[in-house]
Asks: 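Here it is: the structure, laid out below.
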There are 2 protein chains.
Amino acid sequence: MIEARHLRVLRTVATTGSFSAAARELGCTQPAVSQQMKALEAAAGTPLLVRAGREMRLTEAGEALVRHAAGILAGLTAAEEEVAALAGLRAGRVRLVSFPSGSSTLVPTAVAAMRADHPGTRVSLVEAEPPRSVDMLRAGDCEIALAFRYDATPWGYHTGGGWGRDELVARPLLTDRLVGLVPEEHPFADADEVDIGTLAEEPWIAGCPRCRRHLVEVCEAAGFTPRIDFATDDYPAVVGLVGAGLGVAVLPELAVESVRPKGTRAVRVTPAVQREVVALTLPDLAQVPAVAAMLDRLETAARR
Amino acid sequence: MIEARHLRVLRTVATTGSFSAAARELGCTQPAVSQQMKALEAAAGTPLLVRAGREMRLTEAGEALVRHAAGILAGLTAAEEEVAALAGLRAGRVRLVSFPSGSSTLVPTAVAAMRADHPGTRVSLVEAEPPRSVDMLRAGDCEIALAFRYDATPWGYHTGGGWGRDELVARPLLTDRLVGLVPEEHPFADADEVDIGTLAEEPWIAGCPRCRRHLVEVCEAAGFTPRIDFATDDYPAVVGLVGAGLGVAVLPELAVESVRPKGTRAVRVTPAVQREVVALTLPDLAQVPAVAAMLDRLETAARR
DNA sequence: TCCATCCATAAGGACACCTTGGGGAGTCGG
DNA sequence: CCGACTCCCCAAGGTGTCCTTATGGATGGA
């Protein structure tokens with residue numbers, strides 16, 4: 001098996017015309033060059049160099065190897081450069097999957113920071129929720145999945161429809177408080193804080209299926225089952241429905257901030273409801289420079 | 001420094017999808033593959049493979065390396081094949097330099113045998129005499145130089161205008177007797193053997209400068225200085241001149257055989273005059289398969 | 001739940017590689 | 001013509017690398 005290192009030495013010998021000069025250029029001793037050439041000739045099965053007096057000349061086989069060496073070493077250098085670019089964040093692509101409407105502030109900030117710090121990198125975004133996003137992560141369709149959870153299920157456990165096999169790495173980004181949203185004509189509109197039990201008789205507007213499920217759990221813990229008239233992922237729609245007096249809702253503080261809460265008021269609810277937003281990835285992917293950098297940017301953006 | 005061996009393993013891992021399968025295909029153990037991949041990732045500075053459950057997937061950097069690996073390994077394989085062809089005598093070029101008129105029988109026979117045994121090889125022929133042919137050998141303009149000498153100068157010595165630095169390899173081919181050539185009407189035409197001294201008064205026809213010099217030396221050793229009326233390298237011309245009765249000559253048996261000795265007779269002369277025909281090359285070149293094969297063919301042809 | 005497969009890790013031994021030191025030969029300048 | 005420099009080869013020693021065997025942990029299918 002001919003090794004690239006041998007070809008590099010052979011080429012240097014061919015251009016410099018001597019073992020000693022090649023050794024100086026390669027930063028090693030002359031016997032090292034001599035031994036490498038002997039090894040290469042053994043591998044080739046035929047002499048490659050002719051020692052004629054002082055000068056060093058190539059045989060036909062030597063010329064053939066040097067001819068091929070150009071392309072091989074060029075390819076090797078190109079490969080190293082491309083990998084170095086990826087490792088040095090001068091290139092790289094990060095495919096992000098985020099839960100719907102969860103990317104309104106976090107993702108744009110992080111992507112902007114990423115682009116500013118490492119212009120060669122590219123970030124793409126697709127919306128999906130667990131377990132779909134986790135499947136995509138495991139299938140190699142993305143590098144980072146943004147997700148949230150309400151309960152404190154340990155990350156290392158496999159939750160029913162969740163993401164949490166312990167081979168996943170979860171980087172906590174922020175803990176998002178959920179605030180109640182009521183029409184501004186509502187009796188509690190000016191309250192600092194309301195107990196969720198006092199909203200037992202109100203019509204509810206829920207979010208995504210998981211949000212809805214969690215809402216039901218919280219309400220049942222408070223002793224009532226909410227009457228849910230509407231359910232939509234679209235936060236502006238929720239705000240519109242609440243503003244129209246069609247019900248009350250709880251939604252993430254983050255969402256309220258990104259939507260103009262027209263005709264509504266946000267009030268704190270007790271018991272405190274919160275969700276944890278995390279960035280999920282695979283252990284190996286977390287070591288990829290572009291992925292690690294993006295995770296850092298997401299974390300920074302979450303600390304705004 | 002990325003090594004080609006690593007790329008080969010990486011490619012196999014990528015195609016087979018597992019370390020174990022790659023190890024089986026490569027004929028080594030699984031930990032060997034594991035360690036190589038770890039080393040390659042260390043060299044690359046970024047993960048190349050993602051262990052997602054059971055399957056093995058490439059990262060962006062891994063894909064880049066595999067993409068480059070195709071060309072690099074193809075080039076390496078091509079280089080190995082070309083060298084193997086040269087080493088296996090399926091290819092190769094031998095440049096032969098021979099003394100003028102000395103190649104009439106030896107070289108054609110040897111070249112024909114070479115072509116028959118190794119159709120892929122090519123032999124080229126140029127005519128030149130020492131020291132010119134030795135200079136060509138040392139300058140890399142040929143691989144084999146056919147030459148002859150009259151005296152028994154040790155090969156290891158540097159003769160005045162000769163070839164014999166001891167870094168040259170001389171393969172003896174044959175010892176060529178020189179025969180006298182006289183017109184068929186000459187008094188000695190039917191003699192079995194003549195003493196060269198009895199030809200003291202004859203006009204002489206000499207060959208090349210070195211042959212002429214040697215003729216003078218032999219004659220002076222016999223006690224006379226030959227009167228040389230003609231000197232030519234061209235053996236047919238020598239025969240023509242002798243046949244026309246313009247003088248006598250001594251010339252190699254080999255030459256007499258290849259020329260129709262019209263109107264002349266060959267007689268043995270005493271003291272015996274002979275020249276030694278050798279194939280010269282450089283020590284390193286003697287190890288080149290095509291050169292070694294050609295030297296063998298020349299030797300065989302000389303033993304005809 | 002059991003079993004087969006797969007990967008990671010540790011320890012041991014074999015091998016390759018490079019460096020140092022010495023010698024022979026050739027070339028150039030005095 | 002001779003000395004000095006350069007170049008290459010050779011041998012020996014130490015270091016590092018690589019592969020193998022053996023073991024453990026984890027996964028996925030039956």
Asks: Got A:L168 and A:V134 here, is their nearest side-chain heavy-atom distance under 4.5 Å?
Replies: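 Yes, side chains in contact.
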Asks: The side chain of B:A32 is closest to which nucleotide in this list: D:dC8, D:dC19, C:dC17?
Replies: D:dC19
Asks: Between C:dC18, C:dC6, D:dT20, which one does the side chain of A:Q36 approach most closely?
Replies: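 Comparing C:dC18, C:dC6, D:dT20 against the side chain of A:Q36, the answer is C:dC18.
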Asks: Where the side chain of A:P31 is defined as all heavy atoms beyond and including C-beta, which of D:dC8, C:dT20, D:dA22 is the nearest nucleotide?
Replies: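 Of the options given, the side chain of A:P31 lies nearest C:dT20.
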Asks: Any idea which of C:dA8, D:dC19, D:dC8 is nearest the B:S34 side chain?
Replies: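 The answer is C:dA8.
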Asks: D:dC10 phosphate, OP1 or OP2: any side-chain N/O from A:K38 under 4.0 angstrom?
Replies: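 A:K38 to D:dC10 OP1/OP2: side-chain N or O found under 4.0 Å.
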Asks: Please compare B:A39 and B:Q30 by the position of their nearest nucleotide in DNA chain D and report the one closer to 5'.
Replies: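 Nearest nucleotide further toward 5': that of B:A39.
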Asks: Select one nucleotide: of C:dG21, C:dC7, D:dC8, the one nearest the side-chain heavy atoms of B:S18.
Replies: C:dC7
Asks: Are B:D296 and B:R171 ion-paired here, with the side-chain N under 4.0 Å from a carboxylate O?
Replies: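 Answer for the salt bridge query: yes.
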Asks: Assess whether one donor atom and one acceptor atom, taken from the side chain of B:Q35 and the base of D:dT20, lie less than 3.5 Å apart.
Replies: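 Check passes, donor-acceptor contact within cut-off.
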Asks: Between C:dC17, C:dC6, C:dT20, which nucleotide has the shortest distance from any of its atoms to the side chain of B:S20?
Replies: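 Among C:dC17, C:dC6, C:dT20, the one nearest the side chain of B:S20 is C:dC6.
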Asks: With respect to the side chain of A:F19, which nucleotide from C:dC7, D:dC19, D:dC9 is positioned closest?
Replies: D:dC9
